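The shown structure was predicted, so the numbers you read here are calculated from the model rather than taken from an experiment. Chain letters run A, B, ... following the sequence lines, proteins first and then strands; every chain starts at 1.
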Amino acid sequence: MDTARRFYVTTPIYYVNDEPHIGHTYTTIVADALARYHRLIGDEVYFLTGTDEHGQKMQRAAEQRRISPQQLADQVVENYQRLWPALGISYDDFIRTTEARHRRGVYALFEKIRRETPDALYKGTYRGLYCTGCEAFFAPGQVTDGVCPEQGHPVEEVEEESWFFRLSAFGDRLLELYDTRPEFVLPVTRRNEVRGFVAEGLKDLSISRSRSQVSWGLPFPGDEQHVVYVWFDALTNYISALGYGQDGAAPLYARYWGEAAGQLHLIGKDILRFHAVYWPAFLMAAREPVPTSVFAHGWWLRDEAKMSKTRGNVVKPWPLLEDFGADALRWFLLREISLGLDGSYSDEALIERTNADLSNNIGNLFSRVLALVARHEAGTVPAAEPLVDEELGEAIEQARDRYRSGFDRHDPGSALRALTEWADAVNRYLVRKEPWRREGREQSCARVLRTACEQLAQLALRLHPAMPQGASRLWSSLGLGEDPAAEARPGQDLLDARRWPVAGSSVRAGERVFPRLDKKKLLGEAAATGSDEPTAGGAAETETEETGMIDIDTFQQIDLRTAKVVACEPHPDATKLLRLEVDLGTEKRQLVAGIATAYTPEQLVGRTIVVVANLKPAKLRGLLSEGMLLAASGPDGRPLLLSVDGDLPPGSKVS
RNA sequence: GGCGGUGUAGCUCAGUGGUAGAGCACGCGGCUCAUAACCGCGUUGUCCCCGGUUCGAAUCCGGGCACCGCUACCA
């Protein structure tokens, strides 16, 4: 009889062309910890990760190396397939979007949508953001502040034929989903965000790209001139990996999708919309069940600053793994931040956290108890009746509850905090009972040690989701075997046991399972190799914060120039905006400015104004603005334009 | 501009209608079974500000400020 609950947990599929960074690592470690926790409590678990291998970046990188995109994908997928085992990631399946089973899943989902909701897909005209520099289209989600994600060129709107998904028809159903199943988007703050976005109205979604633009992708079913839009392709991995669309029955899909199981998509907050809006809409159109929860976690910041390639402060997992080991890295990432909030990464924080929690607290606790057992009980856990006093008993019960509820809320940080409190309680218990004072009280000392060993077993078991390797070493030092999770069985909750049969097992003392990390040595090395962030930038930023002043260098980053207005008209879709064409001497630019309340187009043509020439372009009410004109605000809030005292050619530098 | 979040000890952050918490740091004491560990005591806080509800609010409500996120007819 199969009564176990089922738990399906996924990470996003990562783009193979990027090197893994701490963000990928974090998501995957959280997923792994949850998967391992659910196995411990007797759930049937299916844990999926994988890689996204289509797209133009892959195509281009392959061209440069004169190999096929598939060959390149086969090479670089190892970036992930080598990293995950080194971090102890226990995935059940690894899906690649270039696999045949994935392609079948994508086509099956299209097929089902066409059958169930025939008007959900239609051919229309795509007004896309095109980057001439890169000769590429970008989805609105990829473009920030009007520049392409590849090289920061401005993008412009262009039209081409495209297939659309009628997302606009799903707004009400999505809102109903968010309202009736509040756990669909977690944490709550993200749910509000998504709800607000959907409530403002949805536009239809282009789900194809011209083959001439992007050839490395799945051919659009029934239209070979197009390939499938990356997000339709990528999101489908969550069911294609379960055999959706395969010939005959798909037992995994039946087992882990829909009401038969609970599904958790773990993601970073950057891709929330795709998972919380597009994905359920696709599934609704196909009349397939939507997942139980999409959980968006926060970002890891580097010493308070956002991580980005341009800043050069991206934290990569391999060096951390080498310096600190998988246990410390996993513990730090899981323990340090809580439930969806951002966290700060620094080497120093990692060292302090793991020294305090793992070495001083848990590791040292094992060390002292096992040393006593070795010395006074001949290395064998005494069979004496345990002796849990009231204070210890209360602390344990609290820690048990907090551990469980932490993981049940997908909050490993809270769960792990309960374990250090548990160890604190045992440390205090030892001080109260003093099992090292033997004279005339051998029997009660034996009972105390038996009690302590049981608590150690409980701790080691519960450390397993966070640190499988460290937990195994602790487990075997208690003489209990190689792996605490070896006992896990579907339908059997290992965390239910109040007692653990440790009596009679032979312990191994004298081993430092979690040696202290030498802060001076490790940080010194980090500084010497230059892998730490330089301090100069940080100091300058601090100064700015304190005085509100900037230095001349900062000012000179702003490219102010004169420009002549050659044409001007009202914005077609806005009442307060004007569209201006200005001559910058070397080029003509389009600006959109909110000055329609103060100026008519006729008043502006021919005037020479001052503009910021190197501002990131932005789209204002549908029109691209490639710069910003300068105006002073009058007392009534109306803008008055800056002009130049005399005649100057357009494009003159202003400083 | 709109919506949402956050604001707690020197630092990093938990917590929550009923005498302010942890880790790190600092001081004193203890223990010496243990990984310069562990245990106890102590210092540092107007729990962002102002109002309100309440017997009682840091915790609930209203307003404000700061920072962050999403979004926009900001430029």
So if I take residues 365-377 of chain A and measure heavy-atom distances to RNA chain B, which residues fall below 4.0 Å?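 Those residues whose heavy atoms fall under 4.0 Å from RNA chain B, taken from residues 365-377 of chain A in numerical order, are A:S367, A:R368, A:A371, A:L372, A:R375.
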
May I ask you to list the residues of residues 429-438 of chain A, by number, that have any heavy atom positioned under 4.0 Å from an atom of RNA chain B?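 Close to the strand are A:V431, A:W436.
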
Report the residues that fulfil side chain to side chain donor-acceptor pair (under 3.5 Å) with A:E434, sequence neighbours left out, ordered by chain and then residue number.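 Per chain and number, A:E434 pairs via side chain to side chain donor-acceptor pair (under 3.5 Å) with A:R437.
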
Check side chain to side chain donor-acceptor pair (under 3.5 Å) between A:E581 and all other residues, then give those that pass, not counting sequence neighbours.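 For A:E581 the side chain to side chain donor-acceptor pair (under 3.5 Å) partners, ignoring immediate neighbours, are A:R579.
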
Shortest side-chain distance from A:R273, nucleotide among B:A14, B:U35, B:C70: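 Looking only at side-chain atoms, A:R273 lies closest to B:C70.
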
Side chain of A:N364 only, heavy atoms from C-beta on: which candidate in B:U35, B:A37, B:A75 is closest?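 For the A:N364 side chain, the nearest candidate turns out to be B:A37.
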
For [X], all residues meeting salt bridge (Lys or Arg N to Asp or Glu O under 4.0 Å), sequence neighbours excluded:
| X | answer |
| --- | --- |
| A:R368 | none |
| A:D327 | A:R473 |
| A:R512 | none |
| A:R353 | A:E336, A:D357 |

Are A:R462 and A:Q458 close enough, and set up right, to give a side-chain hydrogen bond (donor to acceptor under 3.5 Å, both in side chains), and what steps lead you there? CA-CA 6 Å; A:R462 284 172 176 77; A:Q458 297 281 12; 2.8 Å; yes

Does [X] have any ring-ring contact (aromatic ring centres under 6.0 Å, His included) partners at least two apart in sequence or in another chain, and if so, which?
| X | result |
| --- | --- |
| A:F366 | none |
| A:F514 | none |
| A:Y278 | A:F274 |

Please list, for nucleotides 21-23 of chain B, all pairs of protein and nucleotide N/O atoms separated by less than 3.5 Å.
none

Please tell me which of A:A423 and A:S359 maps to the more 5' nucleotide of RNA chain B, matching each residue to the nucleotide holding its nearest heavy atom.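 Its nucleotide being nearer the 5' end, the pick is A:S359.
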
Return whichever of A:R402 or A:N427 has its heavy-atom-nearest nucleotide of RNA chain B closer to the 5' end.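 Mapping each residue to its closest nucleotide by heavy atoms, the 5'-most match is A:R402.
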
Using the P atom as the reference point in each nucleotide, state the distance between B:C50 and B:C41 in Å, no decimals.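 Per the computed distance, 33 Å lies between those P atoms.
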
Presence of A:R335 side-chain N/O under 4.0 Å of B:C13 phosphate oxygens OP1/OP2: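 The answer is no; no side-chain N or O of A:R335 sits under 4.0 Å from OP1 or OP2.
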
Counting only heavy atoms not in A:E397, do more than 12 fall under 6.0 Å of its CD?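 Yes, CD of A:E397 has more than 12 neighbouring heavy atoms, counting only those of other groups under 6.0 Å.
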
